[in-house]
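By convention in this document, chain letters (A, B, ...) are assigned in the order of the sequence lines, proteins followed by strands, and residues within each chain are numbered from 1.
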There are 2 protein chains.
Amino acid sequence: MNEDAPGREADEGETAAAGRFVDNYLPYLLAQASSRVSREFHREVEAAGLSVTEWRVLASLEGSDGESIGVLSQLTLTKQPTLSKVVLRMEANDIVARTRVRSDRRQTVVRITRKGNRLTEALRARALAHQQRILAPFGPDNAEKLISMLRALLALHPPEEGGGEESPFD
Amino acid sequence: MNEDAPGREADEGETAAAGRFVDNYLPYLLAQASSRVSREFHREVEAAGLSVTEWRVLASLEGSDGESIGVLSQLTLTKQPTLSKVVLRMEANDIVARTRVRSDRRQTVVRITRKGNRLTEALRARALAHQQRILAPFGPDNAEKLISMLRALLALHPPEEGGGEESPFD
DNA sequence: ATCATTTCCATGAAATTTCATCTTTTTGTT
DNA sequence: AACAAAAAGATGAAATTTCATGGAAATGAT
C-alpha cells in the first residue's frame with residue numbers, strides 16, 4: 001500500500017499499486033467487470049420487487065419455452081439446491097410454473113407465467129437500455145467485438161457439469 | 001475471430017433456445033465468462049490447500065505492499081465482514097500479517113508473509129499459464145484487445161462504495 | 001426381464017455469508 | 001476546544017447457501 005500519503009489515492013479501487021498482479025489477470029478483470037456491470041442494475045431489479053436470483057431466472061426463461069432446473073441452474077450460475085428453493089418460492093408467487101416433463105418424469109420444467117411476464121417486461125427493456133449505456137462509449141464496432149469475443153470464449157469453455165456457482169476470479 | 005465454430009451442440013448449456021434473451025445480454029456473457037474461466041482454475045487452488053477466497057486475497061496482495069481490509073474487500077469482491085473473518089484465519093495460519101496503520105489507526109493493513117509468498121509462488125505461475133491457454137486461441141492482437149476493453153470498462157465503472165459482492169448477471 | 005447404475009430434483013442439517021451493530025479513531029462544525 | 005457526524009473494521013445473531021443424501025425415474029448391462 002502507499003503509506004504516508006494522507007490523502008491516500010483518489011478513487012477507491014483502481015487506485016493503489018499500479019503493478020498489481022491482478023491488474024493483468026484476465027479472471028480478475030472478468031470478475032470485476034461482471035460484478036460492477038451487474039451491480040448497477042441491482043437497484044432496478046429490487047425496485048421491481050424481485051431478488052437478484054429471481055430476476056436471473058426470469059431473464060433466463062425469456063425467449064425460451066421452459067427450461068429444466070438443471071439448465072436453469074447453469075444459466076443463472078446458481079447451485080441446484082439453491083435454485084430449486086428459489087423456483088419453489090417463485091411458483092408460490094405465481095411468477096413461474098413448474099411441471100414434470102412427460103417424456104422424462106425426473107425433470108422439472110420451469111416456465112414463466114403471464115404474471116411473471118408482465119412483471120419483467122419493463123425490466124427487460126431497462127436491462128437492454130442499461131446494456132446500451134455500457135457499450136455506447138466503445139462505439140458499435142468495438143462493442144460488437146467485445147460481445148463476440150465473450151461468446152467465443154464461452155464456446156471454448158463449456159459450462160460445468162454440476163450446477164453453477166458464482167464467479168470469483170481465479 | 002468471430003462465431004463459435006467448435007463444440008457444436010450436444011453440450012449442456014449452449015444448447016437450447018438460440019434466441020434467448022440472455023444470449024445477447026452483456027451482463028450474462030460477462031458472468032458466464034468469469035464463472036467458467038475461474039472455475040477451471042479452482043482445482044489448482046484447492047490442490048494448493050487454499051480456499052478460493054484465500055487465493056483471491058493473496059493474488060490481490062501480490063505486487064502491493066499491503067492493502068486495507070476495505071480495499072481488499074473490493075479487490076476480492078467479498079463483503080467486509082466475510083473478508084475480515086477470512087483474513088483472521090489467514091493470519092492464524094501465518095499466511096498474511098495484519099497491522100494497524102500508523103497514520104489512521106482505524107485501518108488494518110494486510111500484508112503477505114514470506115510463507116504466504118512461498119505458498120503462492122507456484123500458483124501464480126500456474127495462473128498466468130492458465131491465462132495464456134485461455135487467450136491463445138484468440139491470437140495476440142485479439143487477446144490484447146479483449147484485455148484492454150475490459151480495463152476500459154472498469155475505468156468507466158468505479159467499484160462500489162461498500163465492500164463488494166459476487167457477480168450475478170443483471 | 002432383472003438388477004445395477006446413473007440422472008434429476010427435492011430436502012434437511014451443517015456451514016457460510018450477510019446484516020446490523022458496536023468500538024475506536026478521524027474529520028468536520030460551531 | 002468540544003462535540004457531532006462519519007469512517008474502518010470486528011463481531012454476534014439471523015438468514016442464506018451448500019453439502020450430503022434420498023426418492024423416483026431412466027438407462028444400460030447381463
Those residues that, when tested against B/Arg105, pass side chain to side chain contact (heavy atoms under 4.5 Å, CB included) (two or more places apart) = none
Heavy-atom contacts under 4.0 Å between residues 90-111 of chain A and DNA chain D, which residues?
-> A/Ser103, A/Asp104, A/Arg105, A/Arg106
Does B/Lys79 make a side-chain donor-acceptor contact with the base of C/dT16, cut-off 3.5 Å?
-> no
Axis-to-axis angle for the helix from C/dA1-D/dT30 to C/dT30-D/dA1, ends of five pairs each, to 10°, equals 30°
Out of curiosity, A/Leu128 CG to B/Tyr25 OH, how far, rounded to the nearest 0.5 Å?
-> 7.5 Å
Taking CZ from B/Arg89 and P from D/dA10, how many angstroms apart are they, rounded to a whole number?
-> 14 Å
Listed once per pair and sorted, the ring pair (Phe, Tyr, Trp, His ring centres under 6.0 Å) pairs that draw on residues 74-119 of chain B, sequence neighbours left out = none
Among all residues two or more places apart in sequence or in another chain, which pass the side chain to side chain contact (heavy atoms under 4.5 Å, CB included) test with B/Ser148?
-> B/Glu144
Does OP1 or OP2 of D/dA10 have a side-chain N or O of B/Ser84 closer than 4.0 Å?
-> yes
Separation of B/Arg39 atom CZ from D/dT18 atom P, in whole Å?
-> 11 Å
Specify the separation, in whole Å, of atom CG of A/Leu83 and atom P of C/dT11.
-> 14 Å
Once you round it to whole Å, what is the distance between C1' of C/dT18 and NE2 of A/His42?
-> 14 Å
Hey, could you give me each pair passing ring pair (Phe, Tyr, Trp, His ring centres under 6.0 Å) that has a residue in residues 56-99 of chain B? Not counting sequence neighbours.
-> none
Here the distance between atom P of D/dG9 and atom CD of B/Glu67, to the nearest Å, is 11 Å
Rounded to whole Å, CD of A/Gln80 lies from P of C/dT6 at a distance of 19 Å
Pair listing, ring pair (Phe, Tyr, Trp, His ring centres under 6.0 Å) test, anchored in residues 65-119 of chain B, at least two apart = none
Ring pair (Phe, Tyr, Trp, His ring centres under 6.0 Å) pairs, two or more places apart, involving residues 79-137 of chain A = A/Phe41-A/His130
hbond_proxy B/Lys85 side chain to D/dG9 base (donor-acceptor, 3.5 Å cutoff) = no
Acceptor/donor pairs from residues 119-126 of chain B side chains to any protein atom, 3.5 angstrom cut, sequence neighbours excluded:
from: B/Thr120; atom 1: OG1; to: B/Gly116; atom 2: O; distance (Å): 2.8
from: B/Thr120; atom 1: OG1; to: B/Asn117; atom 2: O; distance (Å): 3.3
from: B/Thr120; atom 1: OG1; to: B/Arg124; atom 2: NH1; distance (Å): 3.1
from: B/Arg124; atom 1: NH1; to: B/Glu62; atom 2: OE1; distance (Å): 3.1
from: B/Arg126; atom 1: NH1; to: B/Glu44; atom 2: OE1; distance (Å): 2.7

In whole angstrom, what separates A/Leu88's CG from C/dG12's P?
-> 11 Å
Could you check A/Leu26 against B/Leu150 for side chain to side chain contact (heavy atoms under 4.5 Å, CB included), going step by step and ending with a plain yes or no?
-> CA-CA 9 Å; A/Leu26 178 65; B/Leu150 289 173; 3.8 Å; yes
